[in-house]
Amino acid sequence: PADKKMYALRDVTATVECIPLIAGSIMSKKLAEGIDSLVLDVKTGRGAFMQTMEKSLELAEALVKIGNEFGKETIAFITEMSHPLGMTIGNWLEAVECVECLRGERGEKDHSADLMELTYVLGGAMLMLGKKTSTIDEGIQRCREAIRNGAAYRKFLELVQAQGGQVDAIENLQRYPLSKHSVEIKSAESGFVTDIDALEMGFASTLLGAGRQKIDDTIDPKAGIILKRKVGDSVESGDTLAIVLTDREDTLSEVKERITASFRVGATQPPPQRLILKVIDKKGIREWGH
C-alpha cells in the first residue's frame with residue numbers, strides 16, 4: 001500500500017526512472033517477505049525499462065548491494081530484452097507456454113528455447129543460493145532433470161491446488177475460451193528475420209487488450225500474440241510471422257501495421273545473440289560464461 005502511494009507521487013514528480021527509488025521499491029518488498037537469498041533478472045534493451053547496459057548495470061549493482069548489506073545473499077543477471085522472450089505475448093497465452101514448458105513439451109529446439117535457457121540459469125542460481133547445489137551449473141542440471149522426470153510440473157499442480165486454483169484448467173488447457181478474432185500476420189519478404197522490436201510488440205499486445213493503457217482499463221486474459229518466427233529464422237514471402245488474438249476488432253488494423261513494422265527481414269542470417277549477458281554478485285560484475 002505504501003509503495004502504491006509512493007509510485008503515484010513519483011509519477012507526478014517525474015522520478016519514476018530514479019534508480020535509488022526503483023531499488024528501494026523493489027528491495028523493500030523482497031526483504032519484507034523474509035527471504036534468505038535472492039536471484040534477480042534485470043532486463044536490458046529495447047523492450048526493457050532500462051534500455052541501456054549502463055543503466056541496467058547501475059540498477060543491478062544497487063539491488064545486489066542492498067540485498068547483501070541486509071545479510072541476504074543476492075545475485076543479479078543482466079539479460080537481453082531487445083526481442084520478445086519465448087513465443088507468446090499475453091496473459092493466458094504466456095501461462096499456456098509456461099505449462100507446456102513445465103510438461104517438457106517445449107523449450108529444447110523450438111521458439112521457447114530462449115525462455116527455458118533463462119529459466120534454467122535463474123533456477124540453477126536459486127538452488128545454489130539455497131544450498132541445494134554447490135554451483136549454478138549443478139543447479140541447472142537439477143532443474144533440467146525436474147523437467148525431464150515431471151517433478152516440476154507435478155509441483156506446479158500442487159501449488160495451484162494449495163492456492164485454490166483450478167487444477168483442471170491447467171491439465172486441460174484447450175478448454176479455455178478463445179478470442180473472437182484470430183488473424184495471421186504474413187511476411188511480405190523472403191530472407192531471414194533480423195530483428196523483432198520487443199517494445200512495439202508490447203504496444204501492439206496492449207492494443208489487443210493484453211495490457212493497460214490507463215489504470216482503469218480492463219485486461220483481456222485471452223488477448224495476445226503468438227510468434228511463428230523468431231530472430232534468425234528463415235522466412236518466405238507469405239509465411240506467417242505471428243498470430244494475433246483479440247476480441248477488439250477495431251484495433252486490428254493498427255495492430256497489424258505495428259507488428260508488420262516490428263519484424264525486419266534481411267538477406268543474411270544474423271549471428272546468434274547472447275541472452276544472458278552479465279552476472280553481478282558480492283564479488284562484482286563479470287561476463288556470463290555460457
Side-chain angles (χ1 to χ4, degrees), residues 41-48 51 53 56 77-123 140 144 147 173 182-208 210-211 223-246 255-277 288 290:
D41 177 11
V42 179
K43 302 295 188 186
T44 193
R46 174 76 173 152
Q51 295 194 351
M53 176 60 74
S56 298
F77 294 88
I78 305 291
T79 68
E80 181 61 62
M81 198 62 200
S82 292
H83 311 125
L85 185 66
M87 62 170 290
T88 56
I89 303 166
N91 298 272
W92 175 247
L93 297 178
E94 291 181 31
V96 169
E97 183 175 10
C98 289
V99 170
E100 290 176 345
C101 286
L102 282 169
R103 290 174 178 170
E105 297 169 1
R106 290 195 167 277
E108 291 303 319
K109 295 180 181 179
D110 58 25
H111 288 162
S112 299
D114 55 352
L115 174 64
M116 288 310 295
E117 177 190 350
L118 179 57
T119 299
Y120 286 136
V121 170
L122 296 175
I140 290 171
R144 288 186 180 278
I147 294 291
L173 298 170
S182 175
V183 178
E184 295 186 4
I185 310 296
K186 307 276 190 179
S187 176
E189 305 169 79
S190 298
F192 295 92
V193 177
T194 59
D195 188 33
I196 304 173
D197 190 324
L199 183 61
E200 279 297 308
M201 295 292 278
F203 286 143
S205 68
T206 298
L207 289 171
L208 294 169
I225 303 164
I226 300 173
L227 299 176
K228 305 305 286 185
R229 292 289 189 279
K230 298 267 282 187
V231 172
D233 287 349
S234 61
V235 61
E236 298 292 331
S237 177
D239 283 353
T240 301
L241 298 173
I243 298 174
V244 167
L245 300 170
T246 187
V255 165
K256 288 166 70 174
E257 288 182 13
R258 279 186 178 269
I259 294 179
T260 300
S262 297
F263 278 85
R264 294 185 179 87
V265 177
T268 306
Q269 187 176 30
Q273 294 185 312
R274 291 170 60 208
L275 174 62
I276 304 168
L277 306 174
W288 177 245
H290 286 243

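The figures that follow rest on heavy atoms only: side chains count, while hydrogens, waters and symmetry mates do not.
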*Over 12 foreign heavy atoms within 6.0 Å of NZ, Lys186*: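 Buried by this count: over 12 neighbours within 6.0 Å.
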Counting distance only, does the side-chain N/O of [X] pair as donor-acceptor with the main-chain N or O of [Y] below 3.5 Å?
X      : Y      : answer
Asn91  : Ala223 : no
Ser262 : Ile196 : no
Ser112 : Gly86  : no
Glu189 : Ser237 : no
Gln269 : Gly232 : yes
Ser205 : Gly90  : no
Arg229 : Ala242 : no

Identify the heavy atoms of [X] and [Y] that sit nearest to each other, and give their distance.
X      : Y      : value
Ser82  : Gly45  : OG-CA, 3.5 Å
Ala204 : Ile259 : CB-CG1, 3.9 Å
Gly104 : Ile147 : CA-CG2, 3.8 Å
Lys256 : Ile185 : CG-CD1, 3.4 Å
Ile243 : Ser182 : CG2-OG, 3.5 Å
Val265 : Thr194 : N-OG1, 4.2 Å

*Decide side-chain contact (heavy atoms from CB on, under 4.5 Å) for Thr246 and Val255; before the verdict, give the C-alpha distance in whole Å, the side-chain angles of both, and the deciding distance to 0.1 Å.*
CA-CA 10 Å; Thr246 187; Val255 165; over 6 Å; no
I need the [X] [atom1] to [Y] [atom2] distance, nearest 0.5 Å.
X      : Y     : atom1 : atom2 : answer
Leu275 : Met81 : CG    : CE    : 9.5 Å
Ile226 : Glu94 : CD1   : CD    : 11.5 Å
Arg46  : Gln51 : CZ    : CD    : 6.0 Å
Leu115 : Thr88 : CG    : OG1   : 8.0 Å

Between [Y] and [X], is there a side-chain heavy-atom distance shorter than 4.5 Å?
X      : Y      : answer
Leu241 : Lys228 : no
Val235 : Asp233 : no
Leu227 : Phe263 : yes
Thr119 : Cys101 : no
Leu118 : Leu85  : yes
Trp288 : Ile78  : no
Asp114 : Glu80  : no
Glu97  : Met87  : yes

*When you check the gap from the basic side-chain N to the acidic O, do Arg106 and Asp110 get nearer than 4.0 Å?*
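Looking at Asp110 together with Arg106, the answer is yes, because their closest N to O distance falls below 4.0 Å.
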*Can Thr79 and Thr44 be said to form a side-chain contact (heavy atoms from CB on, under 4.5 Å), step by step?*
CA-CA 6 Å; Thr79 68; Thr44 193; over 6 Å; no
